[in-house]
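Here the structure comes first, spelled out in structure tokens, and everything after it is commentary.
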Amino acid sequence: MSSEVREFKFTTGDFQRLARIVRETSGIALTPAKRDLVYSRLAKRVRAFGFKSFSQYADLLDSGDQAELVELTNAMTTNVTSFLRESYHFDHLCDEILPGLIAGRSSGQRIRIWSAACSTGEEPYSIALSALARVPNVAQHDFRILATDLDSQVVERGRNGVYEASSVEALPKEWQRRYFQRGRGSSSGRFRVKPEVRDLIAFKTLNLMQPWPVKGPFDAIFCRNVMIYFDDETRARLVERFRQLLKIGGFLFIGHSESLPAQVQGFEFMKRTTYRRAV
Ligand SMILES: C[S@@+](CC[C@H](N)C(=O)[O-])C[C@H]1O[C@@H](n2cnc3c(N)ncnc32)[C@H](O)[C@@H]1O
């Protein structure tokens, strides 16, 4: 779009400033080709504040307004997710990984999984539901999932565990019956995850680009469909931090269109977007 027909002034300098802020806040890399996208995604934020230019909006962000920094990241990413998305990961987890862990541990022992960009919770609930429904004896262990995301609003939705019938339909009927409460009256058409499943998951706000107040080690980490927004260097740093928090032999699951940068070491490839900490 040419700048003459634009509602707000948006210079190359403004774009570069916003790209820097986005990168520093969330790790998301915006190449110059994304300039029009940045304009179209952020114009509504500029309008919402009654600003005349993107530089005023950048001033607000540079003043450290945390809530708006999250809005900025939300505008640049998507929270799209679904139950049992990329279902082969849950098959691998439940058919091979968890049974192997359980066979080697006496009951009551710790099993920890981290869903590191959990969005509205479908990913960590898919882990919990698959484990409960498919892995004998998992409930006899100290099995817990940490679910984190940068966006506090999606984290809150995950914590509530209320979903539209249309998204719960992706799950087997038997799981819907066993693990969800069907809404009535004004909640009709919605399903709420039962407390026995919700209690397995701790939802927290966490920015992957900042220090992580989390206690490892983890048996598995899911970091799916977020690294696609980062450049290779950021991705490599992130994966190295995951490596340090995984047990030796622990698993890293990444998104279907993602790969580990060439400079990453210490992982062996298992199968389809699944890696294992080797050292
Ligand atoms: C497309 S969703 C992926 C959800 C889920 N992992 C899946 O694969 O279905 C991407 C999520 O990454 C989150 N995100 C983006 N940048 C982040 C960061 N720096 N730290 C933590 N989460 C981030 C977004 O808020 C969004 O919820």
Side-chain angles (χ1 to χ4, degrees), residues 18-30 34 37-38 41-42 45 61 66-93 113-130 145-161 163 167-168 170-171 201-214 218 220-242 245 251-259 272-275:
L18 286 168
R20 171 186 56 76
I21 296 168
V22 168
R23 194 196 162 90
E24 286 172 3
T25 308
S26 62
I28 296 164
L30 296 171
K34 298 273 163 66
L37 179 103
V38 168
R41 296 258 177 108
L42 293 181
R45 302 305 306 157
L61 295 166
Q66 289 305 311
E68 193 52 34
L69 286 167
V70 172
E71 292 293 338
L72 172 77
T73 311
N74 284 347
M76 291 298 127
T77 60
T78 151
N79 295 124
V80 168
T81 185
S82 54
F83 287 109
L84 298 180
R85 180 181 195 183
E86 292 154 41
S87 61
Y88 43 88
H89 284 157
F90 305 101
D91 293 340
H92 186 191
L93 183 73
I113 299 184
W114 182 13
S115 166
C118 67
S119 187
T120 39
E122 287 86 337
E123 180 177 281
Y125 284 121
S126 298
I127 298 169
L129 293 167
S130 305
I145 299 157
L146 172 67
T148 64
D149 198 281
L150 168 91
D151 178 349
S152 57
Q153 287 177 19
V154 294
V155 171
E156 191 50 36
R157 283 175 58 192
R159 195 177 285 128
N160 283 337
Y163 297 96
S167 61
V168 174
L171 296 169
I201 308 175
F203 281 95
K204 304 229 182 315
T205 305
L206 180 146
N207 185 341
L208 290 169
M209 295 303 120
Q210 289 176 3
W212 302 339
V214 306
F218 291 96
I221 297 176
F222 285 67
C223 184
R224 307 188 310 164
N225 304 304
V226 61
M227 285 198 284
I228 195 163
Y229 297 112
F230 305 152
D231 61 26
D232 265 7
E233 198 189 314
T234 308
R235 218 178 292 161
R237 258 199 319 271
L238 181 62
V239 170
E240 171 55 20
R241 291 174 76 195
F242 285 145
L245 269 183
F251 293 84
L252 176 66
F253 297 94
I254 65 174
H256 64 104
S257 57
E258 296 167 333
S259 57
R272 212 166 163 190
T273 55
T274 305
Y275 297 81

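Owing to the predicted nature of the structure, the values given are computational and were not obtained by experimental measurement. Note that ligands are numbered from 1 as they come in the structure, with each ligand's atoms numbered from 1 the same way.
Of all atoms in ligand 1, numbered sequentially from 1 with element shown, those under 4.0 Å from a heavy atom of Ser26 are 19 (N). Residue-ligand proximity, Ala117 to ligand 1, at heavy-atom distances under 4.0 Å covers atoms 3 (C), 4 (C), 5 (C), 6 (N), 12 (O). Near Glu123, meaning under 4.0 Å from any of its heavy atoms, are these atoms of ligand 1: 5 (C), 6 (N), 7 (C), 8 (O). If you number the atoms of ligand 1 from 1 as listed, the ones under 4.0 Å from a heavy atom of Ser119 come out as 4 (C), 27 (O). Applying the 4.0 Å criterion to heavy atoms of Arg224 picks out, from ligand 1, the atoms 3 (C), 5 (C), 6 (N), 7 (C), 8 (O). Close contacts between ligand 1 and Leu208 involve ligand atoms 18 (C), 19 (N), 20 (N), 21 (C) [criterion: under 4.0 Å to a heavy atom]. Atoms of ligand 1 lying under 4.0 Å from any heavy atom of Asn225, numbered from 1 in the order shown and given with element: 1 (C), 3 (C), 7 (C), 8 (O), 10 (C). For ligand 1 and Asn79, the ligand atoms under 4.0 Å from any heavy atom of the residue are 24 (C), 25 (O), 26 (C), 27 (O).
When only non-hydrogen protein atoms are considered, atom 7 (C) of ligand 1 lies nearest to Arg85 NH1, 3.2 Å. In terms of protein heavy-atom proximity, atom 2 (S) of ligand 1 is nearest to Thr78 O, 3.3 Å. Atom 14 (N) of ligand 1 has its closest protein heavy atom at Val226 CG2, 3.6 Å. Annotation: atom 23 (C) of ligand 1 to nearest protein heavy atom, Leu150 CB, 3.7 Å.
The backbone N or O of Thr273 lies less than 3.5 Å from no partner atom in the side chain of Tyr88, so there is not a single donor-acceptor pair.
Residues satisfying the ring pair (Phe, Tyr, Trp, His ring centres under 6.0 Å) criterion with Phe242, sequence neighbours excluded, are Trp114, Trp212. Not counting sequence neighbours, the partners of Glu68 by the side chain to side chain contact (heavy atoms under 4.5 Å, CB included) test are Arg45, Phe49, Tyr57, Leu60, Leu61, Asp65, Glu71.
Between the side chains of Asn225 and Glu86, at least one donor N or O sits under 3.5 Å from an acceptor N or O.
The OG atom of Ser26 lies 7.0 Å from the CG atom of Asn207; values are rounded to the nearest 0.5 Å.
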- Item | salt bridge (Lys or Arg N to Asp or Glu O under 4.0 Å) between Arg159 and Glu156, worked out | CA-CA 5 Å; Arg159 195 177 285 128; Glu156 191 50 36; 2.6 Å; yes
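Comparing Thr25, Val80, Thr81, Leu206 by heavy-atom distance to atom 9 (O) of ligand 1, the nearest is Thr81. For atom 11 (C) of ligand 1, the choice among Asp149, Thr77, Thr120, Thr73 with the nearest heavy atom turns out to be Asp149.
Leu150 is not listed as a side-chain neighbour of Leu208, based on a closest heavy-atom distance of 4.5 Å or more.
Taking the six-membered ring where tryptophan is involved, the planes of Tyr125 and Phe203 are tilted, since the angle between them lies from 30° to 60°.
Heavy-atom minimum distance, Arg224 versus Glu123: NE-OE1, 2.8 Å.
Checked by distance only, ligand 1 and Asp151 stay at 3.5 Å or farther apart across all their nitrogen or oxygen atoms.
In this structure, Phe90 has its ring center closer than 6.0 angstrom to the ring center of Phe222.
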